[in-house]
Amino acid sequence: MEEKKIALVTGASKGIGAATAIVLAREGYDIWLNYRSNHEAAAAVRDEITALGRSCTLLCFDVSDVAAVKATLSPLLENEIPHVLVNNAGFAKDTLMVWMGDSEWKDVLSVHLDGFFYVTRLLLPGMLKRRSGRIINIASTSGQSGVPGQVNYSAAKAGLIGATKALAAETAKRKVLVNTVSPGFIETDMTSELPMDRILPVIPMGRVGKANEVAEVVGFLASDKASYVTGQVISVNGGAYM
Ligand code: NAP
């Protein structure tokens with residue numbers, strides 16, 4: 001019988017995470033779908049996944065809350081270890097550094113860096129033991145180029161890129177491959193308020209991306225086709241940063 005394969009996608013009730021969960025389900029993975037608060041949206045994504053013939057387990061927790069991460073994942077990991085982990089949960093709290101308060105700094109670093117650390121360290125021992133796994137971290141062009149008004153977010157995403165490379169070097173011999181996908185401007189709730197008249201001229205392709213265009217690259221990195229790719233940053237940005 002074919003081995004059951006699971007993918008855990010964080011922040012998958014909407015946007016890039018939801019599109020990624022659906023692409024991975026289409027590729028044959030059962031999905032553990034994490035989200036923080038939007039039960040209705042998460043249930044709608046679950047319905048799409050089950051319509052594809054895969055199972056979908058909804059896991060509502062805040063990735064930056066170490067106790068909640070452990071309480072939810074530890075019991076599940078006693079029985080099954082996902083083959084794929086996509087660290088996608090995140091948000092921005094933009095403001096210029098001169099006005100940035102403690103919570104804007106800490107919350108943004110915490111959701112991306114603590115979230116990556118708390119979730120990944122729980123799955124890692126099982127992946128290493130099995131000698132196979134894919135970890136895909138969703139960074140941002142902001143972490144590569146730096147963006148004014150996003151000192152917190154650029155720092156968090158640059159940190160995630162550094163963590164990806166260090167972890168990739170630690171785990172390569174055990175065939176646990178770790179990569180970053182770095183989206184540019186993608187049409188989701190996160191970018192719905194941005195001034196497109198100022199953004200479009202700096203994107204060589206002249207348009208924002210779709211969540212599915214990021215998800216397909218994650219799907220590739222999770223697949224057998226990417227068996228010699230690790231420690232890389234794959235940009236999906238329409239040429240906005242080269
Ligand atoms: P989105 O549409 O706002 O969706 C964010 C998702 O993350 C939601 O499912 C949300 O869950 C979840 N989430 C937020 N905080 C969480 C937490 N503490 N714990 C667990 N889940 C949490 O955002 P998106 O645009 O798809 O962004 C997804 C990722 O891509 C983020 O890491 C973002 O930084 C990155 N990114 C986005 C863009 C872009 O242009 N959109 C560009 C570069 C990088 P609930 O709604 O249930 O709370």
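Counting starts at 1 for both ligands and their atoms, in listed order.
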Leu8, Ile136, Val84 screened by side chain to side chain contact (heavy atoms under 4.5 Å, CB included) with Leu24, the one that passes
Val84
Numbering the atoms of ligand 1 from 1, which are under 4.0 Å from a heavy atom of [X]?
{"X": "Asn34", "answer": "20 (C), 21 (N)"}
{"X": "Ile16", "answer": "26 (O), 30 (O), 37 (C)"}
{"X": "Phe185", "answer": "40 (O)"}
{"X": "Asn88", "answer": "28 (C), 29 (C), 30 (O), 31 (C), 32 (O)"}
{"X": "Asn38", "answer": "45 (P), 46 (O), 47 (O)"}
{"X": "Thr188", "answer": "2 (O), 24 (P), 25 (O), 26 (O), 41 (N)"}
{"X": "Gly15", "answer": "2 (O), 26 (O)"}
{"X": "Pro183", "answer": "42 (C), 43 (C), 44 (C)"}

What is the nearest protein non-hydrogen atom to [atom], stated with its residue, atom name and distance?
{"atom": "atom 27 (O) of ligand 1", "result": "Met190 SD, 3.9 Å"}
{"atom": "atom 44 (C) of ligand 1", "result": "Ala139 O, 3.1 Å"}
{"atom": "atom 7 (O) of ligand 1", "result": "Gly11 CA, 3.4 Å"}
{"atom": "atom 19 (N) of ligand 1", "result": "Val63 N, 3.0 Å"}
{"atom": "atom 5 (C) of ligand 1", "result": "Gly90 O, 3.9 Å"}
{"atom": "atom 9 (O) of ligand 1", "result": "Ser13 OG, 2.7 Å"}
{"atom": "atom 34 (O) of ligand 1", "result": "Tyr153 OH, 2.5 Å"}
{"atom": "atom 40 (O) of ligand 1", "result": "Ile186 N, 2.8 Å"}

What are the two closest non-hydrogen atoms of [X] and [Y], and how far apart are they?
{"X": "Gly231", "Y": "Asn179", "value": "N-OD1, 3.2 Å"}
{"X": "Met127", "Y": "Arg134", "value": "CE-O, 3.9 Å"}
{"X": "Val178", "Y": "Ala168", "value": "O-CB, 3.7 Å"}

Is any N or O atom of [X], backbone or side chain, closer than 3.5 Å to an N or O atom of ligand 1?
{"X": "Phe91", "answer": "no"}
{"X": "Lys157", "answer": "yes"}
{"X": "Gly17", "answer": "no"}
{"X": "Gly184", "answer": "yes"}
{"X": "Asp62", "answer": "yes"}
{"X": "Ser64", "answer": "no"}

Going from [atom1] on [X] to [atom2] on [Y], what distance comes out if it is rounded to the nearest 0.5 angstrom?
{"X": "Thr10", "Y": "Leu85", "atom1": "OG1", "atom2": "CG", "result": "7.0 Å"}
{"X": "Leu52", "Y": "Tyr29", "atom1": "CG", "atom2": "OH", "result": "15.0 Å"}
{"X": "Asn34", "Y": "Cys60", "atom1": "CG", "atom2": "SG", "result": "7.5 Å"}
{"X": "Glu40", "Y": "Ser13", "atom1": "CD", "atom2": "OG", "result": "11.0 Å"}
{"X": "Leu59", "Y": "Leu33", "atom1": "CG", "atom2": "CG", "result": "7.5 Å"}
{"X": "Asn152", "Y": "Ser110", "atom1": "CG", "atom2": "OG", "result": "12.0 Å"}

If we count only N and O atoms by modelled type, under 3.5 Å, do the side chains of [X] and [Y] hold a donor and an acceptor together?
{"X": "Asn87", "Y": "Thr120", "answer": "yes"}
{"X": "Thr164", "Y": "Asn137", "answer": "yes"}
{"X": "Ser235", "Y": "Gln144", "answer": "yes"}

Aromatic rings His112 and Phe91: how do their planes relate, parallel, tilted or perpendicular, breaks at 30° and 60°?
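Answer is tilted, since the angle falls between 30° and 60°.
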Non-hydrogen atom of His112 closer than 4.0 Å to ligand 1
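Right, His112 reaches ligand 1.
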Counting heavy atoms only, which part of [X] comes closer than 4.0 Å to ligand 1: side chain, backbone, both or neither?
{"X": "Thr191", "result": "side chain"}
{"X": "Ala12", "result": "backbone"}
{"X": "Phe61", "result": "backbone"}

Exactly one of Lys210, Lys225, Arg26 should register a salt bridge (charged side-chain N to carboxylate O under 4.0 Å, His left out) with Glu216. Which one does?
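The residue from Lys210, Lys225, Arg26 that satisfies salt bridge (charged side-chain N to carboxylate O under 4.0 Å, His left out) with Glu216 turns out to be Arg26.
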One pair to check against side chain to side chain contact (heavy atoms under 4.5 Å, CB included): Arg36 and Asp65. What are the steps and the verdict?
CA-CA 11 Å; Arg36 184 184 47 180; Asp65 177 342; over 6 Å; no
Heavy atom to atom 30 (O) of ligand 1, shortest distance: which of Thr20, Ile199, Ile138 holds it?
Ile138
